[in-house]
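Naming convention: chains lettered A, B, ... in sequence-line order (proteins, then strands); numbering from 1 in each chain. Values below: all heavy atoms of this structure, side chains included; hydrogens, waters and symmetry mates excluded.
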Number of protein chains: 2
Amino acid sequence: MNNRPDLQANQCSENHDDSPVTAILSLEKAQRMAEFFGVLGDPNRWRILSALAMGEHRVRDLAAAVDMSESAVSHQLRILRTMRLVSYRKRGRNVFYCLKDDHIFNLYREASEHLDEPPEVE
Amino acid sequence: MNNRPDLQANQCSENHDDSPVTAILSLEKAQRMAEFFGVLGDPNRWRILSALAMGEHRVRDLAAAVDMSESAVSHQLRILRTMRLVSYRKRGRNVFYCLKDDHIFNLYREASEHLDEPPEVE
DNA sequence: TGAACACATGAACACTTGTTCACGTGTTAT
DNA sequence: ATAACACGTGAACAAGTGTTCATGTGTTCA
């Protein structure tokens, strides 16, 4: 799936290509995409990410901020870690988490734009 | 969650702000984000989207392309429709689906970039 | 009109996912 | 050394999700 300008989007227009439809995404790539976006498919993980958008924070403070148990937050941070969305540094018995890169911001913005678009009238 | 340049990302640096951590995303917004990304958290939906990236297609051709039953594809298209990721037009007893806008391309590209980044060495 | 077709939908079932609870590891303080 | 603390992890259970199967709606063709 690329971004060629000739791709049809936004309204269904006739397609005169009779060749069989082929899914361009391989099963493996589709699986990887789904796993990644699936991680973003939980409201508590978004709240954790949004708290980390303010700067790094300890697990216990994150738990207080999103009103979850430390255990639950730790489980979620583990998932975010495996998807490389957050990184951390240890300092004594505290562990400080922060966002790993800017991709999460861009994804957030793109999704927001989509969700904020008004539903069409017909 | 915005994109201010002063936000700390990519590595955990010290944060000397002692104010309590506040999650900027409201529960409702986090829920909406999760619902949207959750829809993208299924490999078969990505394969359907990737097939539609080539142009509009009928349900039955989509089913053949992604090797699923027409019923399963129809169920998935319904979900994609409610998230306004696809639109359709009816033509006799056929229904042609296509991508609704370009957001899906941008999301795909951003995720790809993230997934393709090499894991760091330490 | 009746049969075949293309698609949609509801119920049910298997499977996945997120939380809680209990416990373990490593660090700090007394 | 001992206790308290901060965090991580495994098992288990509740809740959510995707597929199949059966059926329904609307269209085309003989």
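- Judged by a 6.0 Å distance limit and a 45° cone about the ring axis, B:R91 is not positioned over the six-membered ring of B:F96.
- The aromatic rings of B:H103 and A:H114 stand perpendicular to each other, their planes meeting at an angle above 60°, with 30° marking the opposite boundary.
- As rounded to whole Å, 13 Å separates atom C1' of D:dA6 from atom CG of A:L77.
- At the heavy-atom level, A:R91 lies nowhere under 4.0 Å from the strands shown.
- At the heavy-atom level, A:S71 lies under 4.0 Å from base atoms of the strands shown.
- Side-chain proximity of A:R93 to the nucleotides C:dT27, C:dT19, D:dT20 is greatest for C:dT27.
- Atom pair B:R60:CZ and D:dT27:C1' shows a separation of 15 Å (rounding to whole Å applied).
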**Request:** Check the pair B:R47 / B:N44 against side chain to side chain donor-acceptor pair (under 3.5 Å), numbers first and verdict last.
**Result:** CA-CA 5 Å; B:R47 303 192 75 225; B:N44 286 334; 5.1 Å; no
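- Residue B:D42 contributes atom CG, which lies 11 Å from atom C1' of C:dT16 at whole-angstrom precision.
- The CZ atom of A:R89 sits 21 Å away from the P atom of C:dG26 (whole-angstrom rounding).
- Taking 4.0 angstrom as the limit, B:R81 places a side-chain polar atom (N or O) nearer than this to OP1 or OP2 of C:dT9.
- By the 5.5 Å and 30° criteria, A:H75 is stacked with the base of D:dT9.
- At a threshold of 4.5 Å between non-hydrogen side-chain atoms, the residues A:L107 and B:F37 count as touching.
- Paired regions of DNA chain D, where each region holds three or more successive Watson-Crick or G-U pairs whose two hydrogen-bonding distances fall under 3.5 Å, are C:1-30 with D:1-30.
- The residue B:Y97 sits close only to the backbone: its heavy atoms come under 4.0 Å of sugar-phosphate atoms, none of a base.
- With contacts defined as side-chain heavy-atom distances shorter than 4.5 Å, the pair A:L77/A:Y88 does not qualify.
- Nearest-nucleotide positions on DNA chain D for A:S74 and B:A72 put A:S74 closer to the 5' end.
- No more than 12 heavy atoms of other residues, nucleotides or ligands sit less than 6.0 Å from atom CG of A:D67.
- Put simply, CD on B:E70 is 17 Å from P on C:dA4, counting in whole angstrom units.
- Contact between the side-chain N/O atoms of B:Q76 and the OP1/OP2 oxygens of D:dT19 is found at a separation under 4.0 Å.
- Picking from D:dT27, C:dT19, C:dC7 the nucleotide with the shortest atom distance to the side chain of B:N94 gives C:dC7.
- With rounding to whole Å, A:F96 atom CZ is found 12 Å from D:dG8 atom P.
- Residue B:Y88 places no side-chain N or O under 4.0 Å from the OP1 or OP2 atom of C:dA6.
- Taking 4.0 angstrom as the limit, A:R78 places a side-chain polar atom (N or O) nearer than this to OP1 or OP2 of D:dT9.
- A heavy-atom distance below 4.5 Å is found between the side chains of B:F105 and B:L99.
- Note: CG (A:N44) to C1' (C:dT17) measures 13 Å, nearest angstrom.
- Atom-to-atom, CD of A:E35 to C1' of C:dT16 comes out at 12 Å; the value is rounded to the nearest Å.
- The closest side-chain heavy-atom distance from A:F36 to A:L85 is below 4.5 Å.
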